[in-house]
2 protein chains.
Amino acid sequence: MRLSTKGRYAVTAMLDLALNGQDGPVTLSEISENQGISLSYLEQLFAALRARKLVRGVRGPGGGYYLGRPADEISIADIICAVDEWVEFTRCRGKEDCRGGQRCLTHSLWDDLSRQIYEFLTDITLADLVARGKDKESDHCHGKKESATLKTRAA
Amino acid sequence: MRLSTKGRYAVTAMLDLALNGQDGPVTLSEISENQGISLSYLEQLFAALRARKLVRGVRGPGGGYYLGRPADEISIADIICAVDEWVEFTRCRGKEDCRGGQRCLTHSLWDDLSRQIYEFLTDITLADLVARGKDKESDHCHGKKESATLKTRAA
DNA sequence: TCTATTCCCGAGTAAATTACTAAGTAATAA
DNA sequence: TTATTACTTAGTAATTTACTCGGGAATAGA
């Protein structure tokens with residue numbers, strides 16, 4: 001797993017899309033202005049998102065982007081993996097250099113942990129975040145930032 | 001939150017330390033050889049880890065590194081934050097540019113998510129991973145990689 | 001058909017980060 | 001005293017980040 005500022009931009013942009021894409025497509029210019037991300041960089045990010053079918057573009061005037069599928073079917077992990085390119089951490093699975101040494105054990109522990117993080121982020125969808133946003137719409141960013149925790153883990 | 005390959009190196013190295021540091025300190029040379037990380041890079045990483053008191057160095061022959069505190073008091077988040085430098089994602093909390101626009105709402109949603117990830121990684125300690133390693137010590141990396149999931153979340 | 005708007009595409013790039021080499025100094029066990 | 005280890009600083013090639021620039025392709029509306 002990999003979680004960089006690039007992934008942050010992508011998640012933020014997708015969140016913007018989920019929030020504003022209810023009636024008609026959202027243009028990259030709008031997202032650029034809303035989120036303070038350069039247009040060209042957004043184009044790069046959306047090229048990757050489009051390749052994974054996470055968004056769908058509509059050309060021409062009045063065009064823009066839609067989510068590629070319902071917000072409750074797009075996980076944070078989907079978004080991050082689309083732009084950040086899931087790096088294969090260790091390639092020593094069952095290789096010969098694991099005998100004796102701690103190396104392979106450590107690596108496989110890392111793999112386990114990495115998978116855990118991935119699964120954690122798979123359980124959180126854009127719809128979850130949007131729902132959470134609905135709650136705090138009233139306090140306009142100034143209220144106490146306290147409420148219930150995100151209900152993200154499948155019980 | 002930020003999770004890069006640098007953080008991966010740090011976690012891997014700390015894991016190595018937790019596994020091998022039972023009897024006497026572990027040298028960076030050993031970790032370097034075990035994990036395939038260059039010595040100088042380890043020195044950089046351990047400088048950061050030492051600054052956060054996550055490790056304690058002992059100089060001279062027979063020296064090396066100890067964990068700075070018990071393995072069950074060192075979380076993955078501790079390690080990653082030490083080397084990766086928790087970046088303050090958005091600095092628009094309660095600023096004026098949040099009125100009207102979606103911007104601040106999106107940012108605060110990202111903040112919530114980021115905090116969730118952080119808390120998730122705070123719940124996983126080195127001791128958890130070591131315990132997991134004990135389980136699979138017998139199959140030497142060749143057995144089926146299946147068993148119980150990490151017990152990471154406080155019930 | 002023309003034009004404005006939008007997505008789409010690729011090349012180039014400054015700045016930062018990554019992962020490393022090199023070349024030391026400081027403490028300490030033998 | 002010497003070998004071993006931690007510690008420190010400087011430099012650097014490769015990569016990534018986030019961006020600019022300059023186009024092209026589709027399409028709604030005039």
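Naming: A, B, ... by sequence-line order, numbering from 1 per chain.
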A.B. asks: For DNA chain C, whose closest nucleotide is more 5', that of V58(B) or that of V26(A)?
C.D. replies: V26(A)
A.B. asks: Fit a plane to each ring of Y41(A) and Y9(A), take the angle between them on a 0 to 90° scale, and name the class: parallel (under 30°), tilted (30 to 60°) or perpendicular (over 60°).
C.D. replies: perpendicular
A.B. asks: Tell me: CG of L42(A) to P of dT17(D), nearest whole Å?
C.D. replies: 15 Å
A.B. asks: How far apart are the C-alpha atoms of S75(A) and D78(A), what are their side-chain angles, what is the distance that settles it, and do they pass the side-chain hydrogen bond (donor to acceptor under 3.5 Å, both in side chains) test?
C.D. replies: CA-CA 5 Å; S75(A) 75; D78(A) 287 335; 3.2 Å; yes
A.B. asks: Rounded to the nearest angstrom, tell me the gap between atom CG in L17(A) and atom C1' in dC7(C).
C.D. replies: 14 Å
A.B. asks: Nearest heavy atom decides the nucleotide; on that basis, is K6(A) or E43(B) closer to the 5' end of DNA chain D?
C.D. replies: E43(B)
A.B. asks: Looking only at the side chain of P61(A) (C-beta and beyond, no hydrogens), which of the listed nucleotides dT27(D), dA19(C), dT6(C) gets closest?
C.D. replies: dT27(D)
A.B. asks: Relative to the 5' end of DNA chain D, which residue comes earlier, S4(A) or G62(A), by the nucleotide with the nearest heavy atom?
C.D. replies: S4(A)
A.B. asks: Heavy atoms under 4.0 Å, any strand shown: does S40(A) hit a base, just sugar-phosphate, or nothing?
C.D. replies: base
A.B. asks: Base, sugar-phosphate or nothing for Y9(B)? Non-hydrogen atoms, less than 4.0 Å.
C.D. replies: sugar-phosphate
A.B. asks: Measure the distance from CD on Q44(A) to P on dT13(C) and round it to the nearest whole Å.
C.D. replies: 15 Å
A.B. asks: Considering just the side-chain nitrogens and oxygens of R50(A), establish if one lies under 4.0 Å of OP1 or OP2 belonging to dC9(C).
C.D. replies: yes
A.B. asks: I80(A) has an atom CD1; how far is it from atom C1' of dT17(D), in whole Å?
C.D. replies: 16 Å
A.B. asks: Please state whether the phosphate of dT17(D), meaning OP1 or OP2, lies under 4.0 angstrom from any side-chain nitrogen or oxygen of R2(A).
C.D. replies: yes
A.B. asks: Determine whether more than 12 heavy atoms belonging to other residues, nucleotides or ligands lie under 6.0 Å from atom CD of E73(B).
C.D. replies: yes
A.B. asks: Under 4.0 Å, counting only non-hydrogen atoms across every strand here, what does L39(A) touch: a base, just sugar-phosphate, or nothing?
C.D. replies: nothing
A.B. asks: Is Y65(B) close enough to dC7(D) that one of its side-chain N or O atoms is under 4.0 Å from OP1 or OP2 there?
C.D. replies: yes
A.B. asks: Quickly work out the E33(A) CD to dT6(C) P distance and round it to whole Å.
C.D. replies: 12 Å
A.B. asks: Starting from P on dT4(D), measure out to CD on E30(B) and report it in whole angstrom.
C.D. replies: 14 Å
A.B. asks: Is the CD atom of E33(B) crowded by more than 12 outside heavy atoms at less than 6.0 Å?
C.D. replies: no
A.B. asks: Considering only side-chain heavy atoms of T5(A), which listed nucleotide, dC20(C), dA29(C), dT17(D), is closest?
C.D. replies: dT17(D)
A.B. asks: Whole Å only: how far is the CZ atom of R59(A) from the P atom of dC9(C)?
C.D. replies: 7 Å
A.B. asks: Which value, rounded to the nearest 0.5 Å, describes the distance between L129(A) atom CG and R132(A) atom CZ?
C.D. replies: 9.0 Å
A.B. asks: Rounded to whole angstroms, how far apart are CD1 on I31(A) and P on dT6(C)?
C.D. replies: 13 Å
